[in-house]
Novice: 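Following this message is one structure expressed as structure tokens.
Everything quoted here is computed from the prediction, not taken from an experiment.
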Amino acid sequence: MDNQKTKGLHRAVAKTAVFTGALATLFSCAAQDTTASKTEGTATGTVLTLTHLKKGFEQTLYYQNNDQANAYKDTHANSAKNTALTKTPMPAASYNDTHGNQTLKVASSKKGHSYEDTHAIDLQINEYKGISLTNRLGKTQFIEGSFALAHAEVITLENKQWVSLVVFNNNTQHIEVYRLSVDTLNKEQRLSQPTKGSEALCAATSASGTPHIVNVDATGTLNHYELLSDQFLPLRSFAIGPGIKSCSVDLVTQNIYLADEFAGVWKIHAHIESELEKTLIFHHADTPVEGVSTVSNNISHVNGSLVGWVSPDQSGVWLQNQCHAEFITLMQYRDGIAETIEPEFIRLAISIHKKEPLISLIVDDDASGNFFVAELPSKLSDAYFNDGCLSNENETGTSNNGEFSKYSTVNVFPSTETQPVQNYGDAADDPAIWVNAKTSSQSRIVGTDKKGALNTYDLLGKQHQSLAVGRVNNVDVGYKVAVNSMNSSGDIRFTDIAVASNRSHNSLSVFDIDKNGNLAHLGEIKTTLSDIYGMCLYVDDGIAHVFANDTSGRFERYKLLIKENKVVEGNLSQSFSLPSQPEGCVVDTHTNTAYLGEEATGIWALDISSTDNTPTFISAITPPVEADVEGLALFIVDDKKYLIASSQGNNSYAIYHIHEENPETLTLMGLIKIAADKAKQIDGVSETDGLEATNANLGGAFTEGLWVVQDGRNVLPSQKQNFKLVAGTTLKNAIRDLVNRQD
């Protein structure tokens, strides 16, 4: 093991502390949700006696006959009706009966679940020999090799059940997933994924029956996979750093826990669209944490989870859920003499004892290499799972605000996505759509790479141009803009243009768009803004008018002129300010209304018919909408107009109905989320900055228009940022769904 000398010194000090309880740690709910800090408390006095597992690591899996499994599945039809697979919540492990040929007669009358026909499969792992399984019929399966177990579970699909094993093959350095029949234990599937080694490997099965696998490799990179259609689908990967010794995935609370021997226990969100941030939930000086495990309570009425971790410097285990935490001392007896252990490994599970679910744990002893098992007393198990604390969470994940609950969220899938931008980090920002008047299928998406370029893409997402014009932030397009000729005939020609706010020069970059959608840089319009940010434009009688803003809240309105030889000129026609930073804006020329987004506050409206008018605040950010509001776009459904606003804080889009008689009146209809289409290997969308929509018929998948959004976290697999394309038909149906739910 690493750092043997340091660990030896730690252990010498810790052994005495275990018996006195001076180093026992007690947490509170509040401490768990704040930034991590060193926490100390008094010992709880709980001591568990360990039982030696003489054959090494052992785990008992459970399955039912098909009739019993179907009966259980039927009682949970409401919770599983939206999933193609039903994950049967069998107890993950038990050590009351280690005989695979015995049938367990258990039932949980308190919880209303019956296990009268539950059967056991014994799983044993020997690091040097391999994996051995034995079921109630005496059938056996042996997989030769050197393996580390990440996850073992019985999965149910309709009336079929199988054993799912996720292991790391030490000989090949591959992650391997096995599927075995519960009756014959025959191998029905073996899948393998090459790795760059494994410092920590863990897995869990989702509600849809697919394994999620997390591997921290030898380069310090966390790789997150989902097993889909017999393939390892890479969901995301990111640097996690050194010191990670083990991990555990909890898909009930959507968390991944990491045991860091240098820092303690980290928690990160398991959802692939989540923010990449680590929360340190445990840190104790000179206490290296090496083992971590979670267990979800799928038996009782409370849908909760428990996390535990161990350190080789303390003969005990820390257990923590939402509201309870304590350090429990672990002791083994040899020849009647109490001895401590040095645990580096922990596995939590639920077992059944006298018809009640209990929490079991397996730990190892680094000094002897032995494995031990213990069961928490029923009162302690109840304290973690059945006292109602966990059920206090709002199961819908929504606010208690009554107004919040009346709004629905509709999920849609993207049709395709653009190629990633060139620059790393927060680079892609705002899209615009140029509609090709002659060949609509040859229309273009114009998107900003705010670290240095303006890009164009076709409707398949392929990049066509990248113009290195500076740090362009927002972009918009205008059609049939007049190009004035100075000759005696006074001829006027027209062109389409794109304009982008350029933070490199505090200017507006102007581009000509030819009939094929190719952009040519015409020049820059200087502004007096201190830090130009967002913008939008509209065209009136051949003249382009541009609204630009800066981070202070100031807006400037420019009349854009294109002279002979396409020389551009801008004249400032209006100035005003919002209280704080704005960005997105969109103009409805039919009602002469500009909608302006103040990121942290809400939406303003401006009557553009006169430069003397000032904005009016029309919609505050209130649940379910969350700041920031950045991108704004207009879209028509069934002859009604809607404003789409990015609700960045919850990775959603707020849909507002615009009242015809009063365009300054908005009614929130609900939210839309763009979810991952894993069959197409296109991820969902998170933290959107800019967006755009059109009702124009663009042909193919976009005959009823197109919606384009910036994706702040481009995963499946992890790549640089890009833009997602959603078919207008999909967007229309989602808005109709929200409208119908309001009726």
Novice: Take a 6.0 Å sphere around CD of Gln574 and say whether it holds more than 12 heavy atoms from other residues, nucleotides or ligands.
Specialist: yes

Novice: Looking at Leu634 and Asp588, what are the two nearest heavy atoms and their distance?
Specialist: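 Shortest heavy-atom separation between Leu634 and Asp588 comes out as CD1-CB, 3.7 Å.
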
Novice: Where do Asp512 and Thr495 land on the side chain to side chain donor-acceptor pair (under 3.5 Å) test, with the steps shown first?
Specialist: CA-CA 7 Å; Asp512 178 64; Thr495 188; 2.4 Å; yes

Novice: Compare every heavy atom of Gly478 with every heavy atom of Val539, then report the nearest pair and how far apart it is.
Specialist: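 Heavy atoms only, the tightest pair is CG2-CA, 3.9 Å.
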
Novice: For the residue pair Val410 and Ala734, what are the closest heavy atoms and their distance?
Specialist: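 Shortest heavy-atom contact: CG1-CB, 3.9 Å.
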
Novice: Indicate yes or no for a side-chain donor-acceptor contact from Asn423 to the backbone of Ala427 under 3.5 Å, with no hydrogens or angles considered.
Specialist: no

Novice: Examine distances only and state if a side-chain atom of Gln710 and a backbone atom of Asp689 form a donor-acceptor pair shorter than 3.5 Å.
Specialist: yes

Novice: If only atom types and distance count, is the side chain of Asn549 paired as donor or acceptor with the main-chain N or O of Glu583 below 3.5 Å?
Specialist: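 The answer is yes, because a donor-acceptor pair under 3.5 Å joins these two groups.
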
Novice: Do Ile445 and Leu725 have side-chain heavy atoms sitting under 4.5 Å apart?
Specialist: yes

Novice: Under a 3.5 Å distance rule, please check whether Asn516 uses its side chain to pair with a backbone N or O of Asn518 as donor and acceptor.
Specialist: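 Checked: no pair found.
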
Novice: Any luck finding a side-chain donor-acceptor pair between Lys720 and Asn722 under 3.5 Å?
Specialist: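 Short answer, no.
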
Novice: Quick check: does any side chain N or O of Glu417 sit under 3.5 Å from a backbone N or O of Gly461, one acting as donor and the other as acceptor?
Specialist: no

Novice: So, Lys450 and Asp426, do they make that salt bridge, N to O below 4.0 Å?
Specialist: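 Counted as a salt bridge, because a side-chain N and a carboxylate O are separated by less than 4.0 Å.
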
Novice: Do you know the tightest heavy-atom contact between Thr527 and Tyr558?
Specialist: CA-OH, 3.1 Å

Novice: Charged N to carboxylate O below 4.0 Å: is that the case for Asp458 and Arg444?
Specialist: no

Novice: Taking atom CG of Asn436 and atom CD of Gln442, what is their separation to the nearest 0.5 Å?
Specialist: 7.0 Å

Novice: For Thr551 and Gln581: C-alpha separation, side-chain torsions, deciding distance, then whether side chain to side chain donor-acceptor pair (under 3.5 Å) applies.
Specialist: CA-CA 5 Å; Thr551 54; Gln581 179 173 310; 4.9 Å; no

Novice: Would you say NZ of Lys559 has more than 12 non-hydrogen atoms from neighbouring residues, nucleotides or ligands within 6.0 angstrom?
Specialist: no

Novice: Please determine which of Thr593, Leu596, Ile603 meets the side-chain contact (heavy atoms from CB on, under 4.5 Å) test together with Ile618.
Specialist: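 Of the listed residues Thr593, Leu596, Ile603, the side-chain contact (heavy atoms from CB on, under 4.5 Å) partner of Ile618 is Ile603.
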
Novice: Run the salt bridge (charged side-chain N to carboxylate O under 4.0 Å, His left out) test on Asp683 and Lys724 for me, step by step, so that the C-alpha distance in whole Å, both residues' side-chain angles and the decisive distance to 0.1 Å come before the verdict.
Specialist: CA-CA 9 Å; Asp683 64 307; Lys724 300 295 192 289; 3.0 Å; yes

Novice: So, is the end of the Lys480 side chain (NZ or CZ) under 6.0 Å from the ring centre of Phe494 and within 45° of the ring's axis?
Specialist: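 The answer is no; the distance or angle limit is not met.
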
Novice: Between Ser237 and His224, do the side chains contain an N or O donor and an N or O acceptor separated by less than 3.5 Å?
Specialist: no

Novice: Is there a donor-acceptor contact under 3.5 Å linking the side chains of Lys673 and Ser652?
Specialist: yes

Novice: Would you say that Leu671 contacts Asn650 through its side chain, given a criterion of any heavy-atom pair below 4.5 Å between the two side chains?
Specialist: yes

Novice: Is any side-chain heavy atom of Glu524 closer than 4.5 Å to a side-chain heavy atom of Asn502?
Specialist: yes

Novice: I'd like to check Val587 versus Ile608 (side-chain heavy atoms, cut-off strictly below 4.5 Å). Are they in contact?
Specialist: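 With C-beta onward as the side chain, the pair touches.
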
Novice: Quick one about Tyr653 and Thr688 (side-chain donor to acceptor, distance below 3.5 Å, no hydrogens or angles considered), yes or no?
Specialist: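 Checked: Thr688/Tyr653 side chains pair up, N/O donor to acceptor below 3.5 Å.
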
Novice: Looking only at heavy atoms, which two atoms of Trp707 and Glu692 are closest? And how far apart?
Specialist: CD1-O, 3.3 Å

Novice: With rounding to the nearest 0.5 Å, note down the distance linking CG in Asn506 to OG in Ser530.
Specialist: 7.0 Å

Novice: Do Asp607 side-chain atoms and Asp612 backbone N/O form a donor-acceptor pair below 3.5 Å?
Specialist: no

Novice: Is the closest side-chain donor-acceptor distance between Ser501 and Asn474 under 3.5 Å?
Specialist: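 No, no side-chain donor-acceptor contact under 3.5 Å.
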
Novice: When rounded to the nearest 0.5 angstrom, what is the spacing between CG in Leu706 and OG in Ser440?
Specialist: 11.5 Å

Novice: Considering only heavy atoms from C-beta outward, does the side chain of Thr418 approach that of Gln463 to under 4.5 Å?
Specialist: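 Side chain of Thr418 against side chain of Gln463, heavy atoms only: no contact under 4.5 Å found.
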
Novice: Between Glu275 and Arg713, is the closest basic N to carboxylate O distance under 4.0 Å?
Specialist: yes

Novice: Is it true that the side chains of Tyr225 and Asn223 contain a donor and an acceptor less than 3.5 Å apart?
Specialist: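 Judged by distance alone, the side chains do not pair up.
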
Novice: In this structure, is the centre-to-centre distance between the rings of Tyr642 and Phe635 below 6.0 Å?
Specialist: no

Novice: Are any non-hydrogen side-chain atoms of Leu454 and Leu519 less than 4.5 angstrom apart?
Specialist: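 Contact flag for Leu454/Leu519 side chains = yes.
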
Novice: How long is the span from the OG atom in Ser646 to the CD atom in Glu626, to the nearest 0.5 Å?
Specialist: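 Answer rounded to 0.5 Å: 12.0 Å.
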
Novice: Are there over 12 heavy-atom neighbours, none belonging to Phe238, within less than 6.0 Å of that residue's CZ?
Specialist: yes

Novice: Taking atom types as modelled, is there a side-chain donor on Ser575 or Arg557 under 3.5 Å from an acceptor on the other?
Specialist: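 Ser575 vs Arg557: no donor-acceptor pair found between side chains.
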
Novice: Taking atom types as modelled, find out whether Ser441 and Thr439 have a side-chain donor-acceptor pair closer than 3.5 angstrom.
Specialist: no

Novice: Does a donor on one side chain sit under 3.5 Å from an acceptor on the other, for Ser610 and Asn613?
Specialist: no

Novice: Just how far is it from atom CG of Leu666 to atom OH of Tyr595, taken to the nearest 0.5 Å?
Specialist: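 That separation rounds to 6.0 Å.
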
Novice: Is any side-chain heavy atom of Val708 closer than 4.5 Å to one of Leu691?
Specialist: no

Novice: Rounded at 0.5 Å granularity, tell me how far CD in Glu556 sits from OG in Ser577.
Specialist: 9.0 Å

Novice: Given 3.5 Å as the limit, does a donor-acceptor pair link the side chain of Gln721 with the main chain of Gly712, or not?
Specialist: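 Yes, Gln721 side chain to Gly712 backbone: donor-acceptor pair under 3.5 Å.
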
Novice: Going by heavy atoms in the side chains, are Glu660 and Thr665 under 4.5 Å from each other?
Specialist: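 Glu660 does not reach Thr665 side chain to side chain.
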
Novice: Give a yes or no on whether a salt bridge exists between Arg471 and Asp449, defined as a side-chain N under 4.0 angstrom from a carboxylate O.
Specialist: no

Novice: Return the orientation label for the Trp604 and Phe617 ring planes: parallel under 30°, perpendicular over 60°, tilted otherwise.
Specialist: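 Trp604 and Phe617: perpendicular rings.
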
Novice: Answer yes if the side chains of Ser686 and Asn651 hold a donor-acceptor pair under 3.5 Å, and no otherwise.
Specialist: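 Judged by distance alone, the side chains do not pair up.
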
Novice: Looking at Asp430 and Gly690, what are the two nearest heavy atoms and their distance?
Specialist: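 That closest heavy-atom pairing would be OD1-CA, 3.3 Å.
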
